[in-house]
Amino acid sequence: MAKVSQSLQGMTDIEFPEVNIWQTLEARAREVMLQYDFREIRTPIVEMASVYLHSLGDTSEIVQKQMYAFETRGGKQVCLRPEGTAGVMRYVSNNQQELQDARLYYMGPMFRAERPQAGRKRQFHQLGVECIGSTSARQDAEVIALQAALFKAWNLDGVQFQLNTRGSMEDFSKILEGLRSELMPVTDDLCDDCRHRMDNNVLRVLDCKNPGCKKVVEELSPITTWMDPASVAYFEEVLATLDTFGVDYVVNPLLVRGLDYYQHSIWEVTSNRIGAQDALSGGGRYAMKANGKTIEGVGFGIGMERVLMALAEETSKAFSREKDPLMVLVGQNEAAQTANLTLLGELRGQGYRVRMDLNGKSMKAQMKGAGRQQARWVLIRGESELDAGTIQLRDMESGEQKEVAMADLVGEISGLV
RNA sequence: GUGGGUGUAGCUCAGUUGGUUAGAGCGUCGGUUUGUGGUACCGAAUGUCGCGGGUUCGAAUCCCGUCACUCACCCCA
């Protein structure tokens, strides 16, 4: 039996000091979003299951076996969102007039019932961007540049942008057909999985890791062979614009993305220092049906847990540091502690980060506590200070301590902070 | 969903071929003349040995189940 107090498999508490890293990443992300003029959208975590069923593709594993789906008491089929795009499309389709050219971003938890491993939780967090309306190749490039700007703002190095194109929706059936016809004669050289993929997901054969399959794939024509020249030109314009923006990338003709709604540009960002689950981010241009309308856009999702893992150790340390220094009030006796309560309120009213012991601990214990809480300064009062109307101001780093008049305290502190 | 590893005090772990009251370090708490942290010294507390069942005179140790963590496959962010 599991303890009731245990958290669910693959669902973890994000606690101090790590939570500070999250806050820093989020704060910096919001700044970048503002620069690119994207606005936040917060959609519900629970949606009708139908929001995902058709949009993600019926063969995708996410829909087939990873969704946290359940029936409400009213008999509705609902689920915890496994990704962010479909919910945003649901929102956009309901407000299409006002949102013809929406530039949106979201941050929040997503849920997939997979077996947890390094970089894979059942509740995980994505930062996503959806840019709706524009069908310009330059728009794809701007969104990719936005993503590069995020990574830069996070001091994230050792990442690689891999790009590819899937062509237009019209090209798609020709590509599948072309691939199948080239693979048919060599079916025997493929692994079991890939033989299945021949029927329901041919593109996936391209990124199979099986050595035998890799060999077969090397001999295949590039998928651009079956695309309309306009699709190829579209992709070339994306690349040219990226060059203009100064974004580094490599073109990977074998890159495939898992979800069905993608067309034209697709990309993935990988890191070389986070283990097998090395994709930090994936994105692309898409056309998705929602409420009977087709919405076109371009966007990406970033796995925040993976970003945290990919941060250099020094960066993590810097991002987890508390911004404001802490002051602790210490009182030698009851009278001093009561007086400190008043001071506590006053200092907080002026915006300082300050705390004191409320449990009647000894002065030594209070000092020890201040040390453990990494207080930058400690303000100490006892009988003699109360009589004299003064307070001891101790610098916990240098160990220096001086007595200042209560009237001068605020001025003294503002000089320090 | 498949496979491997792991689960002993708050943390990191030790625990000999199953054998008496289960250990260490760190941390926590208290003390070193009652008003001062981070160093030193002294002392103290803390474990249903993940959970349940089985084998045995006897299980932290062996077996089964289960839950969780972890890594890989798969999938994806």
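None of the values given here were measured: they were computed from a predicted structure. The sequence lines fix the lettering, A, B, ..., with proteins before strands; numbering per chain opens at 1. FYI, side chains are in, hydrogens and waters are out, and symmetry mates aren't considered; it's all heavy atoms of this structure.
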- request: Establish, with yes or no, whether the OP1 or OP2 oxygen of B:U70 is under 4.0 angstrom from a side-chain nitrogen or oxygen of A:R120.
  value: no

query: Can you tell me how far C1' in B:U6 sits from the matching atom in B:A14, rounded to whole Å?
result: 16 Å

A:K209, nearest nucleotide to its side chain (from B:G35, B:G37, B:C75): B:C75

- prompt: What's the CD-P distance between A:Q374 and B:G38, to the nearest Å?
  reply: 14 Å

query: Can you tell me how far P of B:A77 sits from OH of A:Y286, to the nearest Å?
result: 13 Å

- line: Whole-Å distance, A:E305 CD to B:C69 P, equals 14 Å

query: What nucleotide among B:C75, B:U36, B:C29 has an atom nearest to a side-chain atom of A:M367?
result: B:U36

query: Looking only at N and O atoms, is any donor in the side chain of A:S362 or the base of B:G30 less than 3.5 Å from an acceptor on the other one?
result: no

message: Go nucleotide by nucleotide along RNA chain B from the 5' end; which of A:D193 and A:S384 gets its closest nucleotide reached first?
response: A:S384

- prompt: When we call it a touch if two heavy atoms are under 4.0 Å apart, what does A:E397 touch: a base, just sugar-phosphate, or nothing?
  reply: base

query: What is the nucleic acid contact for A:Q366, judged by heavy atoms within less than 4.0 Å: base, sugar-phosphate only, or nothing?
result: nothing

field: Length of the line joining A:Q162:CD and B:C76:P, which is rounded to integer Å
entry: 15 Å

- request: Flag the pair A:Y249 / A:F161 as yes when their ring centroid distance falls below 6.0 Å, and as no otherwise.
  value: no

- request: Rounded to whole angstrom, note down the P distance from B:G50 over to B:C75.
  value: 36 Å

task: With heavy atoms under 4.0 Å as the rule, sort A:R257 into base, sugar-phosphate or nothing.
output: sugar-phosphate

- prompt: For the side chain of A:R197, counting heavy atoms from C-beta on, which of B:A77, B:U70, B:C75 is nearest?
  reply: B:C75

query: Hey, does A:I302 reach any base, or is it just sugar-phosphate, or nothing, if we go heavy atoms under 4.0 Å?
result: nothing

- prompt: Do A:Q117 side-chain and B:C76 base share a donor-acceptor contact under 3.5 Å?
  reply: no

- line: When rounded to whole Å, the CD1 to P distance for the pair A:I380 and B:G35 reads 13 Å

- prompt: Looking across every strand, which nucleic acid part, if any, lies under 4.0 Å from A:G10 by heavy atom: base, sugar-phosphate, or nothing?
  reply: sugar-phosphate

task: Whole angstrom is fine here: how far is it from CD in A:E114 over to P in B:C73?
output: 13 Å

task: May I ask you to say what A:G283 touches in the nucleic acid, namely base, sugar-phosphate or nothing, with a heavy-atom cut-off under 4.0 Å?
output: nothing

Residue A:E385, side-chain atoms from C-beta onward, closest of B:A77, B:G37, B:G35: B:G35

field: B:C11 and B:G37, which share atom name P, separated by this distance in whole Å
entry: 28 Å

message: Taking B:C13 as the reference, what is the distance to B:U36 when you measure between their C1' atoms (whole Å, please)?
response: 36 Å

hbond_proxy A:Q332 side chain to B:U36 base (donor-acceptor, 3.5 Å cutoff): no

message: Whole angstroms only, please: what is the CD-C1' distance between A:Q126 and B:C76?
response: 9 Å

task: Calculate the interatomic distance between A:R204 atom CZ and B:C74 atom C1'; express it in whole Å.
output: 10 Å

message: Can you say whether a donor on the side chain of A:R372 sits under 3.5 Å from an acceptor on the base of B:G38, or the other way round?
response: no

query: Expressed in whole Å, how much space separates the C1' atoms belonging to B:G18 and B:C62?
result: 8 Å

- request: Determine the Euclidean distance between corresponding C1' atoms of B:G7 and B:U28; express it in Å to zero decimal places.
  value: 24 Å

message: Pick the closest RNA chain B nucleotide for A:I274 and for A:A370 by heavy atoms, then say which residue is nearer the 5' end.
response: A:A370

- prompt: Between B:G35, B:C71, B:G37, which one does the side chain of A:Q392 approach most closely?
  reply: B:G35

query: Taking only N and O in the side chain of A:Q9, is any of them less than 4.0 Å away from OP1 or OP2 of B:C69?
result: yes

query: Quick one: the side chain of A:R306 and the base of B:C76, do they pair up donor-acceptor inside 3.5 Å?
result: yes

task: Quote, to the nearest angstrom, the C1' distance that separates B:C64 from B:U55.
output: 11 Å

Gap in Å between the two P atoms, one belonging to B:A59 and one to B:C51, rounded: 15 Å

message: Whether A:K364 contacts B:G31 is assessed here as follows: a side-chain N or O lying under 4.0 Å from the phosphate OP1 or OP2. Is that the case?
response: no

